[in-house]
Every structure is written in structure tokens, then in C-alpha cells.
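Every chain is numbered from 1, with letters handed out A, B, ... down the list of sequences. This structure is a prediction, so every number in the text was calculated from the model and none was measured.
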Amino acid sequence: MDSCSPSFFRRDTVTVARALLGARLVRDPENTPRRVGRIVETEAYTQDDPAFHGWNLYDEETGTVRREGRAGDLFAESGRGYVYLIYGMHWLLNVVTEPEGTGGAVLVRAVAPVEGTETMRARRGASHRDVNLTNGPGKLSEAFDVDDAFHGEMLTGSPLYLVKGEIDADETIATSSRIGLSRGVDRPWRFFIEGHPYVSPATPSDQTQ
DNA sequence: ACGAGGATGCTCT
DNA sequence: GAGCATCCTCGTG
């Protein structure tokens, strides 16, 4: 196993977001079958980005950072989880990037099931078609039992970690504006495997009106 | 197929 | 009080 180490994540956030396409997300708790998903969609968030949760903590003029609250953890050591609740309901999984003191994170937006699909079905409910198990950031968190417990934890080993992977020869990486934003819509920082069935069906933020 | 609307809680104003 | 890195259900065509 070539699991992603802190140094893998201690790089430019956009580079990490691209490099995570084809990587595996592994959920390996005790007493539960292992779940593995292949990452097919990510988004990058950087400290000078108005959509970044820690945007108001970073002063571009002086280069100083106020590491306060949950968003302050976006400036922590790379390889840690940044997990937060959106719309009062869904946990979203990010991995902290860049050197400590520099803000950045990659949102894992969609994976394709590789192993443990039965467990994912049990978590998501039987009424769903398989494509709906993990084709969105809230959905994959439910399928993989990701919640607040992983916020601030190192994602470099059990029970939740990432393993390096590649894009197949017949696959291409596509880019778009990110999903669900009102600010920072001009930054083309959503990356996905073009045409893959497990890419989320959402519309990029610069194509809505 | 697609669009509208509701659920629900944390953070900042 | 508003906005939010979402998802699901229920309308209409």
C-alpha cells in the first residue's frame, strides 16, 4: 500500500486536488468490512480565495493568520481532516494541504465504490441506485461514516486514509468552476474524470443564473 | 428530464 | 437574521 503521507499533501493545493483523482479513500474501522472508493471529483480551496472558510482569518497585507475556531484548523499540519457540517445536515470531508501556517484544503466531492459496496448500501438506505451511493460530498460521507470525529485527525492510516492512484490511459481530467458557491466562482478549481458515472450531477457555480 | 422548495444547525453580522 | 463547499421529494411535462 502506498498511502498518502503528510508530504503528499504539503504542496500547492491545486496540485494536490489534481493528484487525488484516481486515489483511493479507505475506511477501515474495527468490526466492519473495509470500504474503498476511487476518487473521481475534487475541489481546491486556498487561503486567498473568497470561498475559503478561513478567508477572513488570513491578512494578505501582513501575511498574518488568526487560527481561531474550526476554520483556523485549515492552517494546520497537512494531511489532517477538515470536516464540517453544511446546511445543518451533511458532513463534508476535506484534507488540509500546504505547509503548516499556510491555509488550504481539498474537498473530496465524489468517489466510485471499489470495495465494501454492501456496507455503503446499508448506510445510505436501500432505496438508492448504486450511482447515488457516493456521487456527492454529503453522500460519500454518509456511505463512509465520515463525521465530526475525523475533524483534525491525521488521514494517513486506519481508520480513514487515502492511497495514491492513477488516471487510466483512456480517462481525461476535466475542470470547471466549483459547485454551490456565490463567491470565488471565477476560479476553475473543480477537477473530475470526464464522463465518469460517479461524478456529482451538480451544475458549476458560473453556469447558474 | 428537470425545477422548486424544504430540512436543519453552525457561524458571522 | 442571513447564508451556507447539500440532498431528497414531489410537482409538472
Side-chain angles (χ1 to χ4, degrees), chain A residues 9 13-14 16-18 20-21 25 37 39-59 65-76 80-98 103-113 120-152 155 162 174-192 197-209:
Chain A
F9 300 106
T13 304
V14 170
V16 176
R18 283 181 166 274
L20 281 177
L21 291 177
L25 178 68
I39 297 176
V40 299
E41 180 179 352
T42 61
E43 284 177 356
Y45 291 85
T46 67
Q47 67 180 8
D48 64 348
D49 166 10
F52 184 63
H53 286 169
W55 187 60
N56 58 351
L57 301 178
Y58 172 65
D59 186 337
V65 175
R66 297 184 354 257
R67 287 169 67 163
E68 300 169 0
R70 182 167 298 241
D73 296 334
L74 287 161
F75 300 85
R80 293 197 180 273
Y82 172 78
V83 181
Y84 84 101
L85 189 66
I86 185 66
Y87 298 113
M89 253 176 277
H90 305 291
W91 294 103
L92 267 56
L93 174 65
N94 297 251
V95 189
V96 173
T97 57
E98 308 275 354
V106 172
L107 170 66
V108 181
R109 279 199 56 90
V111 305
M120 299 181 203
R121 289 191 190 109
R123 293 295 182 274
R124 292 277 296 138
S127 64
H128 294 289
R129 300 169 64 91
D130 274 2
V131 74
N132 281 320
L133 292 177
T134 53
N135 66 340
K139 299 178 192 179
L140 76 86
S141 287
E142 187 171 34
F144 279 70
D145 289 321
V146 171
D147 61 20
D148 193 38
F150 290 103
H151 179 74
L155 304 184
L162 296 98
T175 308
S176 81
S177 175
R178 293 167 294 180
I179 303 293
L181 305 183
S182 61
R183 299 183 303 190
V185 300
D186 55 313
R187 308 201 183 199
W189 287 350
R190 172 179 176 243
F191 303 98
F192 57 100
Y198 279 85
V199 170
S200 72
T203 305
S205 299
D206 63 350
Q207 292 174 31
T208 58
Q209 53 184 2

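- Note on A:R109: a side-chain N or O is less than 4.0 Å away from OP1 or OP2 of C:dT6.
- The shortest non-hydrogen separation linking A:T134 to A:P113 is OG1-CD, 3.4 Å.
- Comparing B:dT8, C:dA5, C:dC8 against the side chain of A:M89 picks out B:dT8 as the nearest.
- Distance CG (A:L92) to C1' (B:dT11): 16 Å, rounded to an integer number of Å.
- Nucleotide C:dC4 holds its C1' atom 7 Å from the OH atom of A:Y84, rounded to whole Å.
- Between the C1' atom of C:dT6 and the CG atom of A:L140 lies a distance of 12 Å, rounded to the nearest Å.
- The CZ atom of A:R129 sits 14 Å away from the P atom of C:dC8 (whole-angstrom rounding).
- When the side-chain nitrogen and oxygen atoms of A:H53 are compared with OP1 and OP2 of B:dT11, none of them lie within a distance under 4.0 Å.
- Contacts of A:I179 with the nucleic acid, taken as non-hydrogen atoms under 4.0 Å apart, involve only primed sugar atoms and P, OP1 or OP2.
- Using a 4.5 Å heavy-atom cutoff, the side chains of A:L155 and A:L93 are in contact.
- A donor-acceptor pair is defined here as one N or O able to donate and one able to accept, closer than 3.5 Å; such a pair exists between the side chain of A:S205 and the backbone of A:R178.
- At the heavy-atom level, A:F52 lies nowhere under 4.0 Å from the strands shown.
- Atoms CG (A:D147) and C1' (B:dG9) sit 15 Å apart, rounded to a whole Å.
- At the heavy-atom level, A:N132 lies nowhere under 4.0 Å from the strands shown.
- Evaluation of A:Y87 against the base of B:dA7 yields no stacking contact (centre distance < 5.5 Å, interplanar angle < 30° required).
- Between A:L85 atom CG and C:dC7 atom C1' there is a gap of 13 Å when expressed in whole angstrom units.
- For the pair A:N132 and A:N135, the tightest heavy-atom approach, listed with the atom from each and the gap, is CA-OD1, 3.5 Å.
- In this entry the distance linking CG of A:D148 with P of B:dC10 reads 10 Å, nearest Å.
- In this structure, A:R124 reaches the C:dC8 phosphate: one of its side-chain N or O atoms is under 4.0 Å from OP1 or OP2.
- The partner of C:dA5, taking Watson-Crick or G-U wobble pairs whose two distances both stay under 3.5 Å, does not exist in any strand shown.
- For the ring pair (Phe, Tyr, Trp, His ring centres under 6.0 Å) criterion with A:H53, the lone passing option out of A:Y58, A:Y84, A:Y45 is A:Y84.
- Taking 4.0 angstrom as the limit, A:S182 places a side-chain polar atom (N or O) nearer than this to OP1 or OP2 of C:dC4.
- The interatomic distance linking A:L93 (CG) with C:dA5 (P) rounds to 16 Å, in whole Å.
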